[in-house]
Structure formats: C-alpha cells, structure tokens
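Okay, structure first, notes after.
Order of the sequence lines sets the chain letters (A, B, ...), proteins ahead of strands, with each chain counted from 1.
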Number of protein chains: 2
Amino acid sequence: MNADLPSTAIRVERPNKTLRELALDKVRDAIVDGYFKPGDRLVERDLCAQLGVSRTIVREVLRHLESEGLVANLPNKGPIVARLDLNEAKQIYEIRGALEGMAARLCAERRDPAIVEALEASLKGIRESYAAKDMSGVLSQTSGFYQTLFTKVDRDVAWGVVNLLTVRINHLRSMTIKTKNRDVEGPAQMEKIVEAIREGDGEAAYKAALDHVARAGAIAEALLAAQQTAE
Amino acid sequence: MNADLPSTAIRVERPNKTLRELALDKVRDAIVDGYFKPGDRLVERDLCAQLGVSRTIVREVLRHLESEGLVANLPNKGPIVARLDLNEAKQIYEIRGALEGMAARLCAERRDPAIVEALEASLKGIRESYAAKDMSGVLSQTSGFYQTLFTKVDRDVAWGVVNLLTVRINHLRSMTIKTKNRDVEGPAQMEKIVEAIREGDGEAAYKAALDHVARAGAIAEALLAAQQTAE
DNA sequence: CGATGTATTATGGCGTACCAGAATATAGCT
DNA sequence: AGCTATATTCTGGTACGCCATAATACATCG
C-alpha cells in the first residue's frame, strides 16, 4: 500500500453494537429521562419483554447500571432504580463544583480563544433552547458546555466522573432548569464563567463555576425538601 | 414485642453473599493486587476455571468491572485489564487533590478532636506498617486515613469517587510508596494535613492535602515515564 | 522462506432451563 | 374480622448449550 497514506486511511469501521450495548443505552436513557422512576422495581422478566432480549442481556445491563449508581440492588427485593436523597444530591453538586471549578480555572489559564468560542456557542444553544421551551435541549446543550470545559483542557477522566454523577441527578436537573427565572439567571451565571475565561482570570473562572453549581444545588435542595415534605 | 427495644434489636442479619458478589471481590482484588496485570486478557472460560463458577457469573462480574474502569472491552479482542497511561494517571491524582483538599478543609472547619484522633491513629498505623516493611499495610492504612477524612465530614459520595479512581492507580501506588525516602516524607506530609486540621486552619489543610497528592503524583509520573521509556 | 488459502480451534454473544427462596394469595379457624 | 397455616406464584441465582465470527495453525506453492 502507498506508504504516504496514514495507517487508518482505509481501516474498516465496525458499525454494529452488540445487543447488550444497545440495551444498556436504552435502559440508561429510560432511567435518565424518567420513564423508570426512582424506587421502581426493575423486574428482569419485565425488562426482557420490554426490550425484546434474553435475561442474560438484561442481567448484564443491570450489573453495569448498578456499578454506575443508577440501579440499587436490595437483598430479597431485586434491582430498583436508585433513589437519591437530599444529602447525596448536595454532595454531588459539591463535587461538581470542585471539578468544574478546576476545569474553568484551567480553561482561563489556557488563554485559547477557541475555548471561549466553543463555550459561547453552547451558551447560545442553551438560550435558544430556553426560548423554544425545549427543556431536553437545555439539558443537552448544558452538557455540551461542560464537556467543552473539560475536554478542551484534556480532562477526560474528570469529565467522566462529572458525567456519572450528573446522570444520577438528571431528574433534579430537569426540575431545576424549569424553576422561575432560571432561564435568565442560569445562562447569566454561565456567561460569567465564560467572561472570566476570556479574560484569562483563573480565580474568577473558578469562583464563577463554583457559584453557578452552588446555586443550582440550592434550587435542587429546595425542590427536594419540598418533595420530601409532601410525602 | 417489648416497645422499649430498638427496632433493630433482633433483626436477622443475612450473612451470605451471592456467588457473583464473591467472584466480583476476588477478581477486583486480583487486578488491584497485580495478579492480573494491565493488558492481560480476561478470557471468560479461563476465569470460569480459576473461580469455579459459570460463564454467567463471570460475564456479570466483567460488566461490573468494565463500568468501574478496571476492565476494558476491545471489539474482537474481548476483555482485558485496563491500562492506565501517564495522562490518565496525572488526571486521577489531580482529581484526588481537588476532592481530598475539599475534605481536609471541611475537617479543619469542623474543629472536632475525634477527627484528629482518628487521623493520628491511621498515621501511626502507616508508620508502623513502613517499619514492619508491610507495604500492603501501608496501602490499607493510607486508605483508612482518607476514608476517615471523608466519612467524618459525611462525604460518602466523594469518598466513593476517590475510591474508584484510587483502585485504578493501585499499581502505581504500590510503586510510589516504595520509593526512596517515601517512608519518611509521606507520613510527614500527612502529618501536616493533620496539624492544619487540629489547628482548624481550613486553607492550610486544603493546601497540605493538595501538596501531598501532587507529590505522590509527581513520583508516579516519574515512574511511569521511566517505564514507558524502557518499553 | 514468504505468501496465500484452507482447516481447525477459541471465544464472546445470546438464549433457555431449572432451582430455591421470597412474596403473595387463599383457606380455615376462632 | 383478624390471625395463622398452607399453597401457589414470582423472581433472582446459577448453569449449560449453541452459534457465528475471529484467531490461529497448518498445508501448499512459487
């Protein structure tokens, strides 16, 4: 073969995922999107019927999701969608703060206009999603914003950690983004992060990121507290 | 039943773990302890023979460990013990710094002598393990130190995150603790953390924790770089 | 000796079955 | 109606088997 070609120039891509991978995506999405709710039992034979796969596949999927923290396995109760109490939720927001703050600081110190540009694009998408009342768009554009924050400074491991934690609070996130004024305040706080990054101010970027996630956490705490009172 | 009794006074404890749980512990320990090394293939039928369980159990264990990041699944290669490159290792040390720093600060702000006492006990255990040349004792006592740091300020979620990450660098950790002078410098750096916590100085505790993990990371980086040069 | 083609073996994907224990339903008694 | 005992159903634990594909071994040819 022509020595000039890069070694991947004609590599065959493998298009198909296994049944297990497809099923994993489906069940995870069903939990994250609220189709299965916290506390719901995940009965293996029911999942087989719903997904159209064998118990082998279902069991392997459940093992994976248990490890991710989305599923809890209670003795003699079988698997259920994991519940998240107020204390755990608070801790997740706090950890996100520590890691997102760190990433924001690194972005600022990088002084790369491309980072600012990419973040601005996500922010614009968030605003547009709010305007279109597209809440799932708001969530995915927000994820895009943070993915940029981490991956532009090569922090894939931290991004993985934040992702796993964020998935566990997705239900809360879908609630917090809908609260009064959040459509204005949320993007404004994120704009502060971007501003500090544009100015190369690491400390300000760090604080702005911390502040944003702390406020989101405070809203979530109020919502959870109200929910637990109502029960 | 006598109303004076606490509701758990006669509760039946369930002593037995499932085969899957036992197997999961065995395989995880085998990876963490270096019995299986990074890059080793984990052939299902071989694991069945070694563990004395069916492929169902083995597959579920592999799914769990994949999700934890200890096992990687390559298309048409099957599962292997995950490798950790220099970049990922550095990121793990950095994340630990952010979270352990946060926990150290919270410990200092708590101003609770019991925390200091518990940390001193772990530190003493680390020193004794070094003196006895018991490296696995050093590792487990160090884990005890950090578990205390997190759980004494009710940060179980962060502790879970740090634990998952630490397990991935256990091989590196067993190397860093053996380097020259580490038996003296390591505990001395940890003593600084405890000192700042005793004095209620959150900022100093934060910085000392950051410093300690950064130095451990630097040693690990040097070891990994040497290792990759030798290959 | 290297390249190619073919045969054989290895291995992961996936499905099905059986068992034991827990949960639930039902019957009987007071 | 409530309690207890028994029967039935449900469900997770675990094992085994088959298939298809990939990897490896081997044979042949130039």
Restricting to side-chain contact (heavy atoms from CB on, under 4.5 Å), what partner residues turn up for A:Gln147, sequence neighbours left out?
A:Thr151, A:Trp159

By side-chain contact (heavy atoms from CB on, under 4.5 Å), which residues pair with B:Thr142, not counting sequence neighbours?
B:Ile126, B:Val138, B:Tyr146, B:Arg173, B:Met190

Can you check the [X] [atom1] to [N] [atom2] distance for me, whole Å?
| X | N | atom1 | atom2 | value |
| --- | --- | --- | --- | --- |
| B:Ile80 | C:dG12 | CD1 | P | 12 Å |
| B:Leu19 | C:dA20 | CG | P | 15 Å |
| B:Lys17 | D:dG13 | NZ | P | 14 Å |
| B:Arg41 | C:dT11 | CZ | C1' | 7 Å |
| A:Arg20 | C:dT11 | CZ | C1' | 13 Å |
| B:Leu24 | D:dG13 | CG | C1' | 15 Å |

Main-chain N/O of A:Glu21 paired with A:Thr18 side-chain donor or acceptor, under 3.5 Å:
yes

Where at least one partner belongs to residues 63-73 of chain A, residue pairs that pass side chain to side chain donor-acceptor pair (under 3.5 Å), sequence neighbours excluded
A:Arg28-A:Glu68, A:Arg63-A:Glu66, A:Arg63-B:Glu60, A:His64-A:Glu68, A:Glu66-A:Asn73, A:Ser67-B:Ser67

As an exercise, state the distance from [atom1] of [X] to [atom2] of [Y], rounded to the nearest 0.5 Å.
| X | Y | atom1 | atom2 | value |
| --- | --- | --- | --- | --- |
| A:Lys90 | B:Asp154 | NZ | CG | 10.0 Å |
| A:Gln141 | A:Tyr130 | CD | OH | 12.0 Å |
| B:Leu210 | B:Leu99 | CG | CG | 10.5 Å |

Distance-only donor-acceptor pairs under 3.5 Å for side chains of residues 215-222 of chain B, two or more places apart:
| from | atom 1 | to | atom 2 | distance (Å) |
| --- | --- | --- | --- | --- |
| B:Arg215 | NE | B:Asp211 | OD1 | 3.3 |
| B:Arg215 | NE | B:Asp211 | OD2 | 2.8 |

I need the residues from residues 44-61 of chain A with at least one non-hydrogen atom less than 4.0 Å from DNA chain D; give them sorted by number, or say none.
A:Glu44, A:Arg45, A:Arg55, A:Arg59

Could you tell me, to 10°, how much the axis swings from one end of the helix from C:dC1-D:dG30 to C:dT30-D:dA1 to the other, five pairs per end?
0°

